[in-house]
Amino acid sequence: MAGLAPNARSRRIEESATLAITAKAAAMKQRGADVVSLGAGEPDFPTPPPIARAGVRAIEQGRTRYTAAPGVPELRAAGADWLRATFGLDHGKDEVMVCAGAKAALHMALDAVVEPGDRVLILAPYWVSYPALVTMADGEPVIVPPVPERGFVHDAAAVRDAARRHGARGLILNYPNNPSGAVPERHELQAIVDVARDLDLWLLSDEIYGTLLYDGATHVSPAVLPGGRERTMVVSGFTKSHTMTGWRTSFLAAPRAVIDACCRIQSQVLGNPCTISQEAMLEACRTPLPEDQATRMRAFGERRRFLCDALAGIRGLSLRPPRGAFYALVDARELCAARGIDDVQVAEQLLERHQLAVVPGSAFAIPGFVRLSYAASMDDLRKAVDRLRAFAEAR
Ligand code: PMP
Ligand code: GLU
């Protein structure tokens, strides 16, 4: 039928690679295969019970109706307080809105600021959805190549050069980074903010892993650095730290004019984020759960250490210890070269021959690498390492 057809823009949008691999692994599992899935990054812990109970209470007490489009005022205020207390951000309640997950917050932000044809810099390796989100906002993604030799933190001079060469209008930052786990030092981030200030770029800072840090790393938001606040849109929330993956909640913090524009967009495309989830998020803001968080970080730390040690003993693979988030970006370039295959084939062979699901680095614009999520049980990680070793040693 000629009349009804996906348009050119939607045809350019690929399915999220992380979700596609996870779906494939789940289908294999359902058919009875003993698949270990280190594909999508989703913690294996439950949503903390006090937070889940707040959602149940909302249902039981009938708080199940529409709310204001940018979220209930108490939650916007609690979000501003939480962002201040946790990251030192200085946004008032009218500069914070509630969105339906970090993905939706990124989407609202890009929709609000990108003009048709604007070039937007994305630093590789990048989380899979950024180029598609820029394209959907009618912008043009420009990928800045990865710098594994610098621990995946770009030199500000390279960012300046790329921005000038492409006439970029904005830059997406994601620290702690998915997939590399990179966390820049304050001065490295300041140098990038200085470039943004000099070239008048806006910054979209995805800080969804902002509390998941190792080895004494500290998370700094570009919005707290000199020259940062007025040009930065911050995406944050509890998706990863509190396993609120299915609740679909997040915060977007930015100067008032941009937040107002995002609220107008959200009022048209979504209405409000789920009312029940907002109650749960309010509980997450108001009730810190230090023991729960310490338990999680201990577990992630142990798994991270296990993977780093185990991978050091597998020929052809290497891993630089990630400083944040819960992904291991494994360098498989040596193995690829020795076998004459690429990272996509590595991931395919791991899944088909060894029942191990990982994401090929090409999905994040870092070919030759594969990403493992260690938001998985130690049992699964042990099996995964055995399978990786069997793969690496197979002739
Ligand atoms: N940003 C990054 C860097 C992510 O890894 C993810 C993964 N879910 C998201 C955003 C989306 O998070 P949410 O589930 O809150 O939409
Ligand atoms: N963000 C997670 C990941 O990178 C979940 C999957 C997704 O939302 O794309 O694996």
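When a ligand or atom number is given, it counts from 1 through the structure's own listing order.
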*Salt bridge present between R84 and D81 (N-O < 4.0 angstrom)*: yes

Please determine if R303 and D380 form a salt bridge, counting it only when a charged side-chain N lies under 4.0 Å from a carboxylate O. no

Quick check: do V128 and F364 have side-chain heavy atoms less than 4.5 Å from each other?
yes

Quick note on ligand 2: atoms under 4.0 Å from a heavy atom of W127 include exactly 1 (N), 3 (C), 4 (O), 7 (C), 8 (O), 9 (O)

Pair R231 + D200, salt bridge at N-O below 4.0 Å: yes

Whether the side chain of T232 engages the backbone of V234 through a donor-acceptor N/O pair (distance < 3.5 Å, no angle test) should be reported. no

### Query
Does a side-chain N-to-carboxylate-O contact under 4.0 Å join R296 and D292?
yes

Item checked: Proximity flag R248 to ligand 1, non-hydrogen atoms under 4.0 Å -> yes

Determine, for R256 against E95, whether the closest basic-nitrogen to carboxylate-oxygen distance falls under 4.0 angstrom.
no

Checklist line | Sidechain N-carboxylate O distance under 4.0 Å for D386, R382 | finding: no

Candidates Y209, Y126, Y327, W127; heavy atom nearest atom 11 (C) of ligand 1 found on W127

- Message: Between the side chains of K24 and E348, is the shortest nitrogen-to-carboxylate-oxygen separation below 4.0 Å, so that they form an ion pair?
- Response: no

Looking only at N/O atoms, are K103 and ligand 2 under 3.5 Å apart anywhere?
yes

Quick one: does G41 get an N or O within less than 3.5 Å of an N or O on ligand 2? yes

Below 3.5 angstrom, do we get any N/O pair linking T245 and ligand 1? no

Here the atoms of ligand 2 under 4.0 Å from any heavy atom belonging to A40 are 10 (O)

Check: of E15, E42, K240, min heavy-atom distance to atom 1 (N) of ligand 2 comes from K240

Numbered in order shown, the ligand 1 atoms found under 4.0 Å of a heavy atom of G101 are 15 (O), 16 (O)

Numbered in order shown, the ligand 2 atoms found under 4.0 Å of a heavy atom of S16 are 9 (O)

Any heavy atom of T22 under 4.0 Å from ligand 2? The part involved is neither

- request: Would you mind checking if E334 and R339 are paired as a salt bridge, meaning a charged N to carboxylate O distance below 4.0 Å?
  value: no

Check contact between K240 and ligand 1, using heavy atoms of the residue and a distance below 4.0 angstrom.
yes

Atoms of ligand 2 under 4.0 Å from any heavy atom of Y327, numbered from 1 in the order shown, are 2 (C), 3 (C), 4 (O), 10 (O)

| Does K103, backbone or side chain, put an N or O under 3.5 Å from an N or O of ligand 1? | yes

### Task
Answer yes or no: does an N/O atom from D206 fall short of 3.5 Å to an N/O atom of ligand 1?
yes

among protein heavy atoms, the one nearest atom 9 (O) of ligand 2 is T18 OG1, 2.7 Å

If you scan protein heavy atoms around atom 13 (P) of ligand 1, the nearest is A102 N, 3.4 Å

Practice problem: Decide whether the shortest distance between a heavy atom of N174 and an atom of ligand 1 is less than 4.0 Å. | Solution: yes

Ranked by distance from atom 10 (O) of ligand 2, the top protein heavy atom is R371 NH2, 2.7 Å

Which word best sums up how the rings of F87 and W82 line up, parallel for under 30°, tilted for 30 to 60°, or perpendicular for over 60°? perpendicular

Paired with E279, the side-chain hydrogen bond (donor to acceptor under 3.5 Å, both in side chains) test is passed by just one of R57, R53, R63, namely R63

Counting both backbone and side chain atoms, is some N or O of Y130 under 3.5 Å from an N or O of ligand 1? no

